[in-house]
Amino acid sequence: MSVPTANLVEVFWSAQGEGPFVGAPTVFVRFGGCDLRCRWCDSPHTWKPSEACSFQDPQGGPDRIRSNPVPLQDVLEAIFDLGPRPGDFVSLTGGEPLLQAGMAGAVARTIREHGLRAHLETHGLAVDGLSRLEGRMDVISMDWKSPTEVRNAVPDRYPHFATTHRDFLRRAIELADSVYVKWVISDRTSLTELDEVCQVINEVAPSIPLILQPVTPAGGVQSRLEAKVLLGWLRQARERLRDARLIPQTHPLIGTR
Ligand code: SF4
């Protein structure tokens with residue numbers, strides 16, 4: 001039997017910086033490779049598979065550098081070396097973890113057997129990767145991607161984002177105990193698309209929370225939205241959904257990765 005391997009960028013411990021579990025102690029497993037190019041992406045170093053990955057040293061020493069691909073056993077050791085306690089999250093993030101669904105599923109299965117919670121962060125378009133996932137996740141954080149925010153919309157692979165997100169969400173609620181949709185709002189956000197997002201959520205499961213995440217200046221985005229604009233979007237979402245929240249990214253404020 002072949003040993004699963006993955007292209008990883010890093011494994012490290014930090015506080016969750018986004019979404020409804022913000023602040024929760026979390027071990028992050030960052031996968032290498034992403035097929036989108038969001039204009040505000042803060043992790044462009046993850047777009048291409050990485051030659052090497054870094055494992056955070058639990059004693060605070062220099063990161064240990066490993067060449068890719070990394071076997072499953074080494075990924076698990078890197079996670080458990082960081083001392084997660086039962087109930088803590090392990091975030092499978094990227095990059096896009098579902099482009100390496102075999103490894104994402106294998107990591108999730110094992111850590112769940114040890115009482116940890118698997119939190120998948122995904123761009124929400126790789127329906128085929130989600131279908132190949134063996135086993136369950138505790139939480140799936142599905143980004144809603146706007147075609148106007150993505151530089152290469154890879155049209156052959158994802159011809160229509162909204163339809164693909166709907167299909168993804170339908171499958172996600174079967175695979176995870178908790179699912180939420182995260183949508184980065186910027187000066188390109190439109191009411192038409194908000195209607196589309198809310199329609200999909202209400203069609204799939206009205207209890208799914210929508211997290212409005214104000215864009216953080218990065219990449220091709222230079223400025224923030226004003227508070228009154230952000231609250232305006234929250235008000236609009238609240239009129240259409242059962243559960244809408246406005247949660248900014250906290251890791252840039254704290255200075256954590
Ligand atoms: S999906 Fe995530 S990693 Fe990929 S380009 Fe967008 S923000 Fe960056």
Side-chain angles (χ1 to χ4, degrees), residues 6-12 14 16-19 21-22 26 28-51 53-54 68 90-101 103-104 107 119-130 133 137 139-169 172 179-189 193 197 210-225 247-252 256-257:
N7 186 284
L8 297 184
V9 175
E10 54 189 348
V11 177
F12 64 99
S14 189
Q16 175 58 259
E18 300 180 351
F21 299 102
V22 73
T26 300
F28 291 86
V29 179
R30 192 181 298 287
F31 287 74
C34 181
D35 52 359
L36 300 189
R37 297 289 181 268
C38 303
R39 77 184 172 109
W40 30 253
C41 180
D42 61 2
S43 314
H45 61 294
T46 68
W47 289 350
K48 294 198 172 145
S50 177
E51 279 187 19
C53 72
S54 60
N68 275 312
V90 173
S91 170
L92 307 171
T93 188
E96 174 48 59
L98 289 180
L99 299 182
Q100 302 183 70
M103 184 58 124
V107 172
H119 184 165
L120 174 67
E121 304 196 32
T122 169
H123 63 36
L125 294 165
V127 182
D128 50 348
L130 193 64
L133 210 56
M137 294 285 164
V139 180
I140 294 181
S141 168
M142 188 200 95
D143 281 4
W144 182 283
K145 295 296 183 191
S146 308
T148 53
E149 300 280 22
V150 175
R151 293 195 184 107
N152 68 327
V154 276
D156 294 342
R157 196 162 154 76
Y158 312 123
H160 190 261
F161 278 20
T163 308
T164 309
H165 280 318
R166 187 197 56 210
D167 295 346
F168 190 100
L169 208 48
V179 175
Y180 63 91
V181 174
K182 180 157 55 71
W183 188 26
V184 174
I185 51 174
S186 75
D187 56 358
R188 293 189 184 172
T189 300
E193 191 164 15
V197 178
L210 173 64
I211 310 302
L212 301 173
Q213 181 173 290
V215 69
T216 303
V221 174
Q222 306 296 325
S223 58
R224 299 176 190 279
L225 295 181
I247 306 178
Q249 289 183 309
T250 59
H251 52 282
T256 50
R257 56 175 159 170

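Residues take their numbers from the sequence shown, with the count starting at 1. As the structure is a prediction and not an experimental result, all values here were calculated from the model. In listed order, ligands and their atoms are each counted from 1.
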Completion exercise
ring pair (Phe, Tyr, Trp, His ring centres under 6.0 Å) filter on Phe28, not counting sequence neighbours, yields Phe12
Problem - For Trp40, the ligand 1 atoms whose distance to one of its heavy atoms is below 4.0 Å - result: 7 (S)
Problem - Matching residue for His123 among Phe168, Tyr158, Phe161 - test: ring pair (Phe, Tyr, Trp, His ring centres under 6.0 Å) - result: Tyr158
Problem - Set of side-chain hydrogen bond (donor to acceptor under 3.5 Å, both in side chains) partners for Ser43, sequence neighbours left out - result: none
Practice task
Would you check if there is a donor-acceptor pair between the side chains of Glu121 and Ser91 at a distance under 3.5 Å?
Solution key: yes
Exercise for the section: Just jot down the salt bridge (Lys or Arg N to Asp or Glu O under 4.0 Å) partners of Arg39, sequence neighbours excluded, or say none. Expected result: Glu149, Asp187
Handout entry: Nearest neighbour in protein (non-hydrogen) for atom 2 (Fe) of ligand 1
Key = Lys145 NZ, 4.3 Å
Exercise for the section: State whether the side chain of Arg30 and the backbone N or O of Thr46 hold a donor-acceptor pair below 3.5 Å, judged by distance alone. Expected result: no
Handout entry: Any donor-acceptor pair under 3.5 Å from Asn68 side chain to Ser50 backbone
Key = yes
Exercise for the section: For atom 8 (Fe) of ligand 1, report each protein N, O or S atom nearer than 2.8 Å, sorted by chain and then by residue number. Expected result: Cys41 SG
